[in-house]
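Below: the structure, in structure tokens.
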Amino acid sequence: MKIKISKENLQSEFVRKVERISGETLSNCYQCGNCTGGCPVSYEMDYGPSQIIRLLQLGEEGLLMNANSMWVCVGCLQCYSRCPKCVSAANILEALRQLTLRKGTDHENVSDLPFPFLKNAPQQAIVCGFRKFVS
Amino acid sequence: MKIPYYPGCTLNTVAKDFDTSAREAATVLGLELKELDQWNCCGASFPLTPDNVMGLTAPTKVLVNARKEGDTVTTLCSVCYNVLKRTNKAINDDRDRRNLINEFIEEEYDGSLQVIHFLEVLRDRIGFDKVKNLVKRPLKGIKTGTYYGCMLLRPFEDIGIDDPEAPVIFEDLLRSLGCEPVEFPNKIECCGAHLAMGNEDVVVRLSGNVMTSAIDSGADLIVTSCPLCQYNLEKSQKRLVQDTADYSGIPVLYFTQILGLALGQSEDMLGFEKNICDIRPLLKEKGV
Amino acid sequence: MPANEMSVMDNKQAITEKQETTTAWEPKITAFVCNWCTYAGADLAGTSRMEYRPNVRIIKLPCTGRIDPLFIIKAFEKEADGVLVSGCHPGDCHYTTGNYHARRRWIAFKTLMEFVGIDMRRLHFSWVSASEAIKWVDLINNVTDEVKELGPFVEYKGLND
Amino acid sequence: MSRIGVFVCQCGNNIASTVDTKKVAEEMSKMPGVVYTCDYKFMCSAPGQENLREIVKAQKLDGVVVSACSPHMHEKTFRKACESAGLNPYKCEISNIREQCSWVHHDKTKKVGTIKSIDLTRMTIERLKKNRPLKNINIPVKKRALVIGGGIAGIQAALDIADGGIEVILVEKEPSIGGNMARLSETFPTMDCSQCILTPKMVEAELHDNITIYTWSEIEKVDGYIGNFTVQIRKKAKYVDEQLCTGCGECIEKCPFKADNEFEMKLNKRKVIYTPFPQAVPNIPVIDAPHCVKIQKDKCGACAIICGPNAIDFKQKDQIITEEVGAIIVATGYQLMPNERFGEYGYGKIKDVISGLQFERLASSSGPTGGEIIRPSDGNVPKSVVFIQCVGSRDEKKGVAYCSKVCCMYTAKHTMLYKHKVHDGQSYVFYMDIRSAGKRYEEFVRRAIEHDGAMYLRGRVSRVYERNGKIVVQGADTLSGNQVEIEADMVVLATAILARDGADTLAQRLGIGYDKHKFYNEYHPKLRPVETVTGGIYLAGTCAGPMDIPDSVSMGGATASKVLGLFSSDEMSREPITAIVNRAICNACWDCLNACPYSAIEKESENDRHGNILRWLAKVNDGLCQGCGICVAACRSKCIDLQGYTDEQVYAAINAF
Ligand SMILES: Cc1cc2nc3c(=O)[nH]c(=O)nc-3n(C[C@H](O)[C@H](O)[C@H](O)COP(=O)(O)OP(=O)(O)OC[C@H]3O[C@@H](n4cnc5c(N)ncnc54)[C@H](O)[C@@H]3O)c2cc1C
Ligand SMILES: Cc1cc2nc3c(=O)[nH]c(=O)nc-3n(C[C@H](O)[C@H](O)[C@H](O)COP(=O)(O)OP(=O)(O)OC[C@H]3O[C@@H](n4cnc5c(N)ncnc54)[C@H](O)[C@@H]3O)c2cc1C
Ligand code: SF4
Ligand code: SF4
Ligand code: SF4
Ligand code: SF4
Ligand code: SF4
Ligand code: SF4
Ligand code: SF4
Ligand code: SF4
């Protein structure tokens with residue numbers, strides 16, 4: 001894999017949008033990896049939270065928008081809680097989700113959800129799930 | 001003492017046990033959990049992106065209604081607690097967002113409410129000592145794994161109920177009921193949360209880790225404070241019991257159920273029969 | 001006006017031979033600079049043989065913290081069309097915190113100056129270190145040009161006379 | 001009317017090519033008070049100066065303006081020349097028509113340059129008219145030095161000053177000198193044993209004729225200024241008479257009670273009467289009063305019974321000693337951030353999660369385990385040790401933003417010490433960057449990796465917890481991009497280096513500055529790194545910021561050379577550019593006092609004959625005043641002025657434009 005780095009990519013509209021929506025400053029992250037180290041689901045992610053931030057720092061959009069990371073993040077805030085630089089990977093992943101959902105692309109198809117889930121699951125799981133996965 | 005209480009949607013439906021056991025226990029403690037006259041769903045997640053003001057309108061409406069009934073509101077569900085408390089703080093701290101939301105919902109809310117969790121009511125308003133004195137059935141010898149999950153603790157700056165790395169509020173309560181809390185590594189790790197929708201494998205792994213690490217640390221029982229944690233743990237428990245030969249299971253209960261038990265409520269009232277792993281044989285075994 | 005000040009004025013007129021008659025109007029800029037940073041920076045512009053507008057007259061002080069706002073008002077009352085204050089960079093003050101004092105005073109002073117009707121473009125505050133000869137040159141050129149555009153400052157002249 | 005002479009320099013062609021110097025001189029002769037003008041080829045040349053002197057005398061000048069180069073070049077030259085001609089040197093002023101005029105205005109018609117030179121010279125003449133003769137300030141110097149803190153930096157400073165023939169007082173707050181270095185096992189990058197190189201220096205300091213050591217002592221109060229400090233030292237009660245005690249150690253042997261051993265970083269206990277370590281200097285025990293059963297409850301007394309020379313004295317009181325010194329060196333060192341600060345690393349609750357200094361004690365052959373690396377919890381040899389770097393350092397949220405500078409190096413050292421002692425052990429190091437700038441430092445770290453098999457993982461550790469008797473370290477390896485988990489037997493935290501508790505209080509007593517982390521501020525970080533803004537007070541070692549032993553020793557030596565330089569003459573002479581209070585009108589508002597960065601302004605009372613205070617007023621301490629003039633601008637009632645830059649002088653210059 002080769003990433004092309006250029007001034008245009010570093011300051012792309014996409015990168016600025018992520019910063020604006022998430023309220024985070026990407027350059028604050030010094031890539032210590034603490035967030036990835038503590039994230040309960042990073043084992044399942046294509047790129048761990050710190051790698052997602054790194055790709056954003058490099059201005060690389062394709063790799064991270066195709067990665068599953070944003071859909072796997074459970075929003076537990078362990079990353080933010082221990083980040084020595086007060087960066088919230090959770091906010092950044094939420095921003096990536098928003099960018100997808102705001103385009104009208106759903107991650108979960110509501111009609112595919114199994115009936116028993118809808119019947120037995122706590123309302124909060126459904127409401128929250130909808131917010132995270134459905135536009 | 002009367003205290004305005006926001007149940008939230010889940011406690012009104014699938015987590016009814018959580019709600020009723022808490023109300024009963026409160027009565028014993030001389031407290032009335034007064035359900036808000038008017039309330040709506042809080043949205044079940046605090047929007048992590050600060051530009052999402054829409055996500056704050058639902059919880060703000062809850063706060064507005066609660067404010068009409070007093071200066072405090074209490075919740076049982078950790079998620080509601082997290083959402084309401086953070087929303088309240090956001091409105092208090094951030095003038096721009098406050099104005100925007102107020103304009104939208106046509107209210108004048110200033111964030112002056114105090115959002116507290118029922119655990120805080122027990123700790124700070126009643127006192128664990130007093131709870132201890134009212135215990136009728138001390139749960140001696142029962143080793144409890146107190147599962148905090150995420151929403152009760154993080155982020156510390158907004159929630160601040162206890163130390164986010166080594167919280168004790170749960171343990172202190174259970175100790176006052178006669179239990180022996182045990183330390184287990186996963187007590188502050190996530191259960192899988194909303195991945196219940198669509199990614200059950202992750203949930204089973206995370207919730208499974210919570211339960212096995214509690215079992216490995218010698219716990220007889222896990223207590224929770226959130227219907228979603230409860231659901232994820234129980235759901236995973238079912239899978240694990242089915243699929244894993246040497247997994248024996250562990251009862252998972254709301255803390256209010258344990259509280260009710262210790263305060264002398266009858267076992268039948270507490271809905272123990274719904275659990276995958278029954279606590280009643282354990283009670284018998286320990287002779288309490 | 002005290003006697004010897006009067007004589008200074010007379011003398012000045014005699015000496016400069018009314019430069020306005022031969023050339024176009026040129027602004028006069030008084031610069032209050034600290035001895036350690038900006039004065040040395042201006043010296044460096046000299047040793048490096050740089051060139052800049054000749055309108056500035058430097059008054060050396062130990063530190064910008066020594067600058068009394070009244071100095072600036074006085075300068076405007078007299079010949080100055082523009083005033084420049086320059087010292088060490090924040091954190092670099094020879095006297096550790098002198099330039100902070102100057103800056104704090106400056107903020108309060110700015111409102112006052114605006115209040116008394118001095119166009120803030122006539123008054124510049126800058127940091128020039130001992131090695132920033134180029135910055136000094138640019139500063140003088142910019143300030144001179146800007147003040148030149150504004151025209152002579154007449155409002156205060158002779159207030160004290 | 002004044003009698004001023006104006007000398008316009010051509011500087012060869014440097015000035016003359018763009019300034020009509022003759023014209024400048026001519027115009028100046030028209031100014032009132034100017035009695036002599038001339039222009040001259042090279043004013044600073046020997047004949048130029050001679051000429052100046054002669055004219056000063058011949059014309060009976062009472063003021064001289066030299067229109068020439070920058071005062072930074074030759075102000076001193078011409079002031080000296082004037083002085084030798086009998087004129088007060090501060091009645092000579094320079095007008096800078098070279099750097100500020102001829103060199104920056106290249107107009108060959110000389111028009112621009114001439115006009116500006118005339119203006120500049122006129123302004124200087126008017127200013128000069130308001131100059132008052134000033135006298136240099138001479139301050140007598142007390143040739144004795146005080147060193148606060150007996151770590152390696154303080155010891156080095158004391159020895160170097162003492163070797164220069166100057167008396168030194170070394171004040172140390174612990175029962176022995178030696179500081180943190182005494183705790184170290186072996187030291188990077190050469191791996192020599194710390195005790196082996198430190199102990200001889202400690203003994204040398206103890207035996208040196210010019211050094212007086214006060215241990216178990218702290219600074220109570222500091223008055224005065226450069227050359228003339230009066231210092232009060234609190235010598236805390238040791239309950240042992242230092243004159244009588246022979247250091248036999250019988251009392252320690254006999255004492256039946258124990259307390260936490262701070263020197264061993266609480267890895268074990270020590271007796272209530274103790275010396276911190278066997279090579280302590282001085283080798284005299286102290287009683288830890290809060291834990292002594294005799295002092296607290298009037299029981300026991302075993303130590304007093306055994307002591308042959310009757311040196312134990314339970315009634316001993318703190319003593320205040322007053323010393324007069326001319327210079328002070330501050331060398332109070334550092335402390336480590338406590339492990340208890342890190343919840344995610346177990347809050348100091350997991351016994352086998354230890355700090356770097358605790359590891360030093362475990363590895364030290366004089367330490368509590370005799371140099372055997374074993375777990376504090378169960379005494380087993382750890383087969384897998386995780387070292388975590390940057391704990392609390394470079395952490396804006398829970399720690400400090402800065403880098404502690406030595407931990408990269410000592411962690412590499414720890415992995416080597418571990419490998420040398422536990423051959424079949426494996427060490428892991430979590431790091432963010434390896435900072436090994438220094439002579440032979442990078443090679444040292446590479447040796448740990450290549451030769452001693454340390455496994456370096458780039459990433460921070462998120463959490464450390466216990467699971468089934470193992471310590472689980474969960475972190476990331478950012479190079480592979482993965483979460484990683486290690487089951488360790490022991491974890492060593494390279495915790496941040498902090499300024500000492502109380503560093504701010506001491507700074508306030510001394511009147512020196514400190515940063516937000518309470519490290520002391522140097523005068524200038526590059527060019528005056530061992531001086532403070534307060535004259536006569538110098539900094540050595542880690543009290544100024546994290547550093548290693550070579551740097552601490554260099555700084556100690558550098559402060560000594562400053563002190564010896566200061567003491568090289570009996571008096572200090574300095575420019576009289578100081579503030580002066582108009583006593584008649586000062587209304588004691590203390591605006592000046594609050595503004596002065598050097599604490600040079602004092603409150604003075606005016607008393608009647610019976611000693612009743614009539615009023616207060618400000619007073620400038622010439623020894624401390626640096627002549628910045630901040631107080632002058634701060635005084636709203638205009639009753640303090642700066643000599644050499646008086647309001648009158650400045651207004652004269654403004655008016656003359
Ligand atoms: C784990 C670890 C390992 C290290 N290993 C190495 C190594 O291998 N090589 C290396 O070069 N460096 C090493 N260092 C760094 C080294 O310890 C320091 O550079 C050195 O000890 C600093 O000496 P110091 O004199 O400045 O301070 P300190 O050693 O802290 O001495 C200060 C002294 O002042 C005393 N004091 C403090 N306050 C007062 C007061 N108010 N009044 C009177 N006395 C006071 C203290 O009691 C102490 O005796 C290591 C550091 C650590 C933490
Ligand atoms: C690109 C670069 C940027 C830097 N930036 C910084 C910075 O921002 N901040 C910082 O603190 N440091 C910086 N440094 C480091 C800094 O340059 C050095 O620390 C400093 O200049 C060293 O000074 P010195 O006196 O030891 O050596 P030098 O500056 O090398 O002086 C040695 C002198 O000795 C003379 N000499 C040599 N041999 C003999 C001989 N046989 N006989 C007589 N004379 C001799 C040489 O001509 C020279 O004048 C930088 C270095 C580099 C390379
Ligand atoms: S913990 Fe913070 S600084 Fe470290 S990699 Fe993650 S976001 Fe970046
Ligand atoms: S919030 Fe998301 S990214 Fe952060 S630790 Fe939790 S799951 Fe991982
Ligand atoms: S005094 Fe200055 S200007 Fe005059 S010759 Fe000497 S260097 Fe040149
Ligand atoms: S106090 Fe007495 S017993 Fe103790 S070391 Fe001194 S002389 Fe020996
Ligand atoms: S009197 Fe105090 S110091 Fe002496 S032996 Fe007893 S406890 Fe120890
Ligand atoms: S020296 Fe190394 S370990 Fe210590 S704070 Fe700096 S980078 Fe981290
Ligand atoms: S001139 Fe500066 S140092 Fe001197 S007293 Fe005034 S403020 Fe203090
Ligand atoms: S500011 Fe002026 S009036 Fe006030 S104390 Fe100082 S000298 Fe006196």
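Proteins get letters first, then strands, A, B, ... in listed order; numbering begins at 1 in each. Side chains are part of it too, since the values below use all heavy atoms of this structure and drop only hydrogens, waters and symmetry mates.
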| said: Does any backbone or side-chain atom of B:Leu153 lie under 4.5 Å from a heavy atom of chain A? Answer side chain, backbone, both or neither. | reply: neither
| said: Looking at chain B, which one of A:Arg97, A:Arg20, A:Arg82, A:Lys119 has the largest number of heavy-atom pairs inside 4.5 Å, strictly under? | reply: A:Arg82
| Does a donor on one side chain sit under 3.5 Å from an acceptor on the other, for B:Thr13 and A:Gln123? | yes
| field | Basic-acidic side-chain contact under 4.0 Å: B:Asp201, B:Arg205 | value | no
| request: Output yes when B:Lys187 and B:Glu171 qualify as a salt bridge under the 4.0 Å nitrogen-oxygen rule, no when they do not. | output: yes
| note | Under 4.5 Å to a heavy atom of chain B? For A:Glu44 that would be side chain
| said: With rounding to the nearest 0.5 angstrom, report the CG to NE2 distance, B:Asn199 to B:His194. | reply: 9.5 Å
| For B:Ala15, is it the side chain, the backbone, both or neither that has a heavy atom under 4.5 Å from a heavy atom of chain A? | neither
| said: At a 4.5 Å cut-off on heavy atoms, which part of B:Cys191 comes close to chain A: side chain, backbone, both, or neither? | reply: neither
| request: Check the side chains of B:Glu120 and B:Tyr81 for a donor-acceptor pair under 3.5 angstrom, ignoring hydrogens and angles. | output: yes
| query | Heavy-atom distance under 4.5 Å to chain A: side chain of B:Phe156, backbone, both or neither? | reply | neither
| said: Is A:Tyr43 in contact with chain B via its backbone, its side chain, both, or neither, using a 4.5 Å heavy-atom distance? | reply: side chain
| field | Segment of B:Leu206 engaging chain A (4.5 angstrom heavy-atom cut-off) | value | side chain
| Where on B:Gln230 is there a heavy atom nearer than 4.5 Å to chain A: the side chain, the backbone, both, or neither? | neither
| Relative to chain B, which segment of A:Leu113 carries a heavy atom at a distance below 4.5 Å: side chain, backbone, both, or neither? | side chain
| note | Okay, B:Glu165 and chain A: the region with an atom under 4.5 Å from a heavy atom over there is side chain
| Just by distance, with hydrogens left out, do A:Asp106 and A:Ser135 show a side-chain donor and acceptor under 3.5 Å apart? | yes
| field | Best-contacting candidate, A:Ala121, A:Ser22, A:Ser81, A:Cys73, against chain B by heavy atom pairs under 4.5 angstrom | value | A:Ala121
| said: Under a 3.5 Å threshold, yes or no: a donor from one side chain and an acceptor from the other, between A:Arg54 and A:Gln57? | reply: yes
